[in-house]
Each structure stands twice: as C-alpha cells, then as structure tokens.
Amino acid sequence: MTYRKLVEEALEMFKSIGIEDPKLIPSKNPVYGELTSLVAFDIAREMGGDPVKIAEEIARSLSGYRGRIISSIEAVSGYINLRVDWFKYAEEILKTVISLGLDYGRSSVGSGRKIIIEHTSVNPNKALHVGHARNVCLGDTLYRLFSFLGYDVTVLNYIDDSGTQMADIILGFTELGYPLDPGDGSRFDVYCGDVVYVEVSRRIEEDPSLDGKRRKIAKLIEERDEKYYRLNREITEKVLRDQLKTCWRLGARYHILNMESDIISYDLWSEVFEKLVKVGAVYRAESGLKAGCWLLNLSSHPILSREGDEVLVKSDGSTTYVARDIAYGAWKLRGTSRDFKYKVWFRDPWGGEVLVTDLNGDVEKHIGEVEKVINVIDIRQKRPQEIVKYALDLLGLKSERYIHFGYEVVALSIMDAIKIGYEPEPGQEFVHMSGRRGLYVKADTLIDMLKERVKSEVRGKHPEWIEEKIEEVAEKVAVGALRYSLVKPDTDKMIILNTDEMLKLEGDTGPYLQYSYARACRILEKSGLEYSFKPPVELTEEEKQLLRRIAYFPEVVEEVGRSLIIKTLPNYAYMLASDFSRFYEKVPVLYSEDVELRRFRVAEVLAFKIVLGNVLNLIGVPLVEEM
RNA sequence: GGGCCCGUAGCUCAGCAUGGAUAGAGCAUCGGCCUUCUAAGCCGGGGGUCGGGGGUUCGAGUCCCCCCGGGCCCGCCA
C-alpha cells in the first residue's frame, strides 16, 4: 500500500529522534506537502513552550534524515510539513495499484474471522419500497465491505412470515374474495402489497369485526393449522421470490433466509426463556394491567428502566416480537443448543446457493463463532434492539458483538405524496411511507423511472446503439443512481424522496461516477494498454492530486470497516472521480507528445480505473464501460 | 414526562467519530469552454453570525453544558 508506506517511513523518521506518536495527518493543502505532523502542539501543551519553535527544532533535527520517499521537512507556524519525492512516490503508487488490481485496498484484517449481517427483512406481504431499498443498499454495502476486508460474511434475511401483516392478506384471500392470481399478469408481491394489503387494511378499519377474524387467522398460522399454515407458507414464498428479484436487481446477495415461523417451530425460545428464568431476568406479573405476562426485568438498566419492563410472553402464552428476536439473537451468537436445518431454495443470479430454513431440510450449515452480528434495521427500532442486546447480555452472551446498525427512514416529499393521492396538512413538508395506507414509491418503480430517463439520454448520445445495448446500460446507470443516492447520505438523516430531484443525472450522482469510469475506459481502449511506471521529471498538480487520492484508498476502506460510517465510501468515490475529471480536462494522455509521458499517463488512467472500479464495487454501483 | 437523532450557502448535503492552517461540493443562478482521449464534463462569479448562548483549549463547524427549532421512540403490534 502506498500512503501507508509513506506514513510508515515518516513514523520511522520521527522514531529516530525519539518521537513515538507524531500525530500525522494528510496535509490539508498541497502547498503544505503530503504529510503533516501536529506533534509540536502536543509537546508544547505537555512540556510548555512555543509550538512554533518546537516544530522548527524538530524539523531541524530531522533535516539530516535520508528517506526513500520523503524529500523535505519544513516547519511552518507549528506544523511540520513533509514533502515527498514525487518521482519515486508516483512510481510506487502506480506499481502497487496496477499489480494488485482488484485486490488493491483489500485487506486481510478479517481473515479467519466471521461476521453475520442481517438486512432487508421486509414483511413478505408486499413489494419493496424505496425505504426498504435503503436498508438493502446499506446492508449489501456492509457485506461487500467486510468481504473486501477479508471476513467470512454470512448474510441473513429475516422473513417475518407470522405477523399480523401476513394475516391481513390471508384474510383477503380466504374471506374477502381476492383471487390468488392477480389475473392481469402483475407481479405477485406488487399485487399483494398494492391491492390486497391496502384494500384489506382499509376494510378492517371500516369494519372492526374483521379485526377479530384477522386475529384468529394469525393464531391459526402460528399453531400450524393445516390449511392456513400451508397457504401462508405458499404466499410467503411467492412474495419472497418476487421481492428477491428487486433485491438482486439492486445487486444484493443473501445466503440464508430465516423464516420466523421456523424460529417458532424450532422452539429456540423455550431454551432461551429457561435461561432467562434461571438468571432471574424475567418474572411473571401476578396482578395489574400485565397480569399473566412474563416480563423482562429492566430495572437495573440505566435508561430502559424508565419506561418499565418489557413483555416477552403474553398472557395467552404467545411470544412477543422482542422475545422472538432475543431467541434469534441468541442463535446468532451461538447461545442456543439447537440449530436450523435448511434446504437449498435456489441459486441467485451470481450462482450462489440461497438457503431457507426448513424443518425437514437436508442441509446443515453451522455459521460458528462470529466477531460481529450487524443488524440493519431502521432507527425506529432502536429501543427494542437495545432490549434484545440487554437480554443477550443477561444470558451471558457477548452482547457487545450484537450491533444494531440503525438508519433513518425514507419519507415522501409532499410533491410526490400528492402525486399518489395524499392530501397534505398546511405547512407539511414530508409524509412517512406507509404500506398499509398505500403511501410509498416502490423501489422498482423508481428504478424504472430512472431507466427511462437514462434511455432517452443514451439514445440522444448514441443514436447508432442497438436497443439491447441501450437497455443494458440504462439498467446499470439507473441502479447506480439509486444505490448511490441511498448510500451517500448520513444514516442519521432522513431521506425525503423527491423523484424530480432524483431523476437528475448530473453532479454528485452515481452516473457521474460511472461516466468518469467510462471515460477512463475509452482512453485505455485506445491506448493499446501500453503503460510504464516511469514518471516524468515534473508532474502536473492534477496528476499529483489524482495519485494522492488513489494512494489513500486502503485507508478509507479500513476506516469504514472500523467506523461503519458507510457514506465515507461514496464520498471518496466522488472525490476520486472529480480528481479524474480535472485530470481529464487538463492532462492530455493519448495526445501527449512524448511516448514515455504518454505511457506513464496511461498507467495513471489505468490505476484510476482500478480504484474507482473497486470502490464502486463496494457500494454496489455497477461499472459501465461505455455510456 | 423520559430517551435518542437532526440543525453548515436560496435548496440538498460533505466536513464532526480521531479538534489544527483561508469552512467544501452538488442543484439553482450569472458568465466562459466541444474540428483534441465521451460536454452525464470542466473553469470562473455571486451567495456562510457553521441554529443561539456559555465553557474547555495555544486553536472549536468538530469536544462539554444550557437553550431554541424540527423529527423519531416509549403497545399483551411487528
């Protein structure tokens, strides 16, 4: 790695004069060189004195140091700036990147270690909307990231096939006359969500007697009543197959689909419950509103205690969602003696096996001890997730490994809400999506809209292209645009979906990244790939900036692995692409007069293509060689 | 009432985790650049009390406290 090599050299240099931690940062401005040490300020604080003088003194005592890449040391008002010999540094960077190729930035920090990532987990009664897509894109990016860091990652998708939402649509099919076949060829998940679920929800609101029927159905499903359980499973699988089409379209991969009904069937709960009783974490309420319920004692929790204890087992003996999630969480941390059995349901588009839990399954898969369990669940579930974590701790499991990766929801801009029939309150700026009320924009709908927009752009630009090629490119650009826009914002910030805004393909967008990638591809294609690592005597600022950014990539990857601040990746990708755009405008490659120079610049373009490709792979923005 | 999150340019947001040199982008707006490697691009202009106030520090958009504004969560739902 390259920036890191520079840092290592600098560390060694400082060490030679007895400074162990020189507090190195990449210089904020190229005029200050490549690396800056802030150590003079620290020394001034600890031992007194003037940081300006201390820095000068340090620079002086380092002046005799003969580095390989570092060429000069200069103290400026307390900062110690290190410059490099670009002739050597540039060669080093290009050699490293081009020889490692797809592995540049890859790390072995995770080798031999395991991680579970659970994401998506959409109730199997509807098609995915854009809010779900945010979950999918974040979760899948985590999967790609940790795989790149060398971890053995297992991706789970939790299928809640036994909640009231399923009972809603079953009620529609069995009692309210909705046919199982939509009849108009529409996708089954879309039909269930857009038609059956929305209409049944409305009818239940109008006719409260239906609520009782729904409850009865929910119970029948949970008790594995022959007719209802089978119908439920059939619908679940049908919807799930369609949902996965959307997920795959977004480029997301899964290894295991965990059916909630199977978590119940395997009775993971009873074992967990016994343990909770044994450690005195739960108790049965004998009186009051919650008489007959088993509750988790939260009284010693610093914050959760203020909101009272949590019901785990209802007075009718059934478990709550939190209880089932505790059981499931315990399973993830190997806190249960039982394990699931699976069947191979099918293969994903990349040829990977997708397992689904199955009581009579013939596949055994033991994930083993994991270093982390990352659960991608929207922020509204923060409290229940804290309760689950707390319970896992009480069970004696390594609950610090259980991570709730929370993110804010996607809401509809008022404009978009009005388009689908919503009547806004005065002053209202957004509307929360609601499956029940039909207030949402489906992920596929948005991708299709983007795709149409892209198609018209491509047609205008490449009138000679055949339809298949236009189709292929448009799909990739549309998916790239959506993935980028969902992964780029801070996870703590709500995304207010504005489809008009979203359809713009300029500026800080996925297509911009794909475009700069495509431009690089064209140069390389025409270059005959004749490149060399021998730099010219003088590099342009644009070249230095591009190389500097390229050299920093491995730091970004590891940093995100530590911080889980995913947006750092798209931010980096955008800055890298911007650096390349400026390079592209100012620095002729194929038209450079000197053959050696041309070859060197081809290497620069190749290195850029590799790094941008690698980071786009991490965030799941498809690579496009021509657009 | 309790807990958590957000507030940076007209709009959307980076920068905050790990405090450092003149606060950066995109959109919008105004003005330039295509007979040269893809103009989905590049360059330039205008536009900022970093919500407000205190504090810590040589140094605060970044850390701490208080306040204001907005959002979310507190069910025998999931």
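Here the structure is a predicted model, which means the values were calculated and not measured. Here is how names work: the chains are called A, B, and so on, in the same order as the sequence lines, proteins then strands, and each is numbered from 1.
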S.K.: Under the 6.0 Å and 45° cation-pi test, does A:R519 pair with A:Y584?
M.R.: yes

S.K.: Say we look at B:G75 and B:G70: how far apart would their P atoms be, to the nearest angstrom?
M.R.: 24 Å

S.K.: As a check on the pairing definition, encode RNA chain B in dot-bracket form, counting Watson-Crick and G-U wobble pairs whose two distances are under 3.5 Å, and using | for partners outside this strand.
M.R.: (((((((..((((......[...)))).(((((.......))))).....(((((..]....))))))))))))....

S.K.: Between B:U35 and B:G26, how far apart are the two P atoms, rounded to whole Å?
M.R.: 25 Å

S.K.: Please give the distance between the C1' atoms of B:C68 and B:A14 as a whole number of Å.
M.R.: 25 Å

S.K.: ring-ring contact (aromatic ring centres under 6.0 Å, His included) with A:F430: which residues, sequence neighbours excluded?
M.R.: A:H432

S.K.: Check each of A:V410, A:V409, A:I379 against A:M494 using the side chain to side chain contact (heavy atoms under 4.5 Å, CB included) test, and report the only one that passes.
M.R.: A:V409

S.K.: What form does the base of B:C65 take, syn (within 90° of 0) or anti?
M.R.: anti

S.K.: Using the C1' atom as the reference point in each nucleotide, state the distance between B:A40 and B:C27 in Å, no decimals.
M.R.: 15 Å

S.K.: Over all strands shown, is A:L38 touching base, sugar-phosphate only, or nothing at heavy-atom distances under 4.0 angstrom?
M.R.: base

S.K.: Could you tell me the boundaries of the chain A footprint on RNA chain B, defined by atoms under 4.0 Å from its heavy atoms?
M.R.: B:G2 to B:A78

S.K.: Carefully, step by step, assess A:E472 and A:K476 under the rule salt bridge (Lys or Arg N to Asp or Glu O under 4.0 Å).
M.R.: CA-CA 7 Å; A:E472 189 197 325; A:K476 285 181 177 173; 3.6 Å; yes

S.K.: Any pair with a residue in residues 479-500 of chain A that passes ring-ring contact (aromatic ring centres under 6.0 Å, His included), sequence neighbours left out, goes on the list, sorted by first then second residue, please.
M.R.: none

S.K.: For the P atoms, the ones on B:G7 and on B:G61, what distance do you get once it is rounded to whole angstrom?
M.R.: 15 Å

S.K.: Taking atom P in both B:U12 and B:G54, what distance in whole Å separates the two?
M.R.: 28 Å

S.K.: Mind checking A:M627 for me? I need base, sugar-phosphate or nothing, with any heavy atom below 4.0 Å counting as a touch.
M.R.: base

S.K.: Show every donor-acceptor pair shorter than 3.5 Å between a side-chain atom in residues 599-610 of chain A and any protein atom, with sequence neighbours excluded, or say none if there are none.
M.R.:
from	atom 1	to	atom 2	distance (Å)
A:R601	NE	A:E543	OE2	3.2
A:R601	NH1	A:P588	O	2.9

S.K.: Is A:R582 touching bases, backbone alone, or none of the nucleic acid, heavy atoms closer than 4.0 Å?
M.R.: sugar-phosphate

S.K.: How far does the P atom of B:G1 sit from the matching atom of B:U8, given to the nearest Å?
M.R.: 26 Å

S.K.: Counting any heavy atom closer than 4.0 Å, what does A:A518 reach on the DNA or RNA strands: base, sugar-phosphate only, or nothing?
M.R.: base

S.K.: Using a 3.5 Å distance criterion without hydrogens, assess whether the side chain of A:N123 forms a donor-acceptor pair with backbone atoms of A:N125.
M.R.: no

S.K.: Rounded to the nearest 0.5 Å, how far does CD1 of A:I159 lie from CE of A:M166?
M.R.: 10.5 Å

S.K.: Kindly list each side-chain donor-acceptor pair under 3.5 angstrom involving residues 45-56 of chain A, sequence neighbours excluded, with atom names and distances?
M.R.:
from	atom 1	to	atom 2	distance (Å)
A:R45	NH2	A:D42	OD1	3.4
A:D50	OD1	A:V52	N	3.0

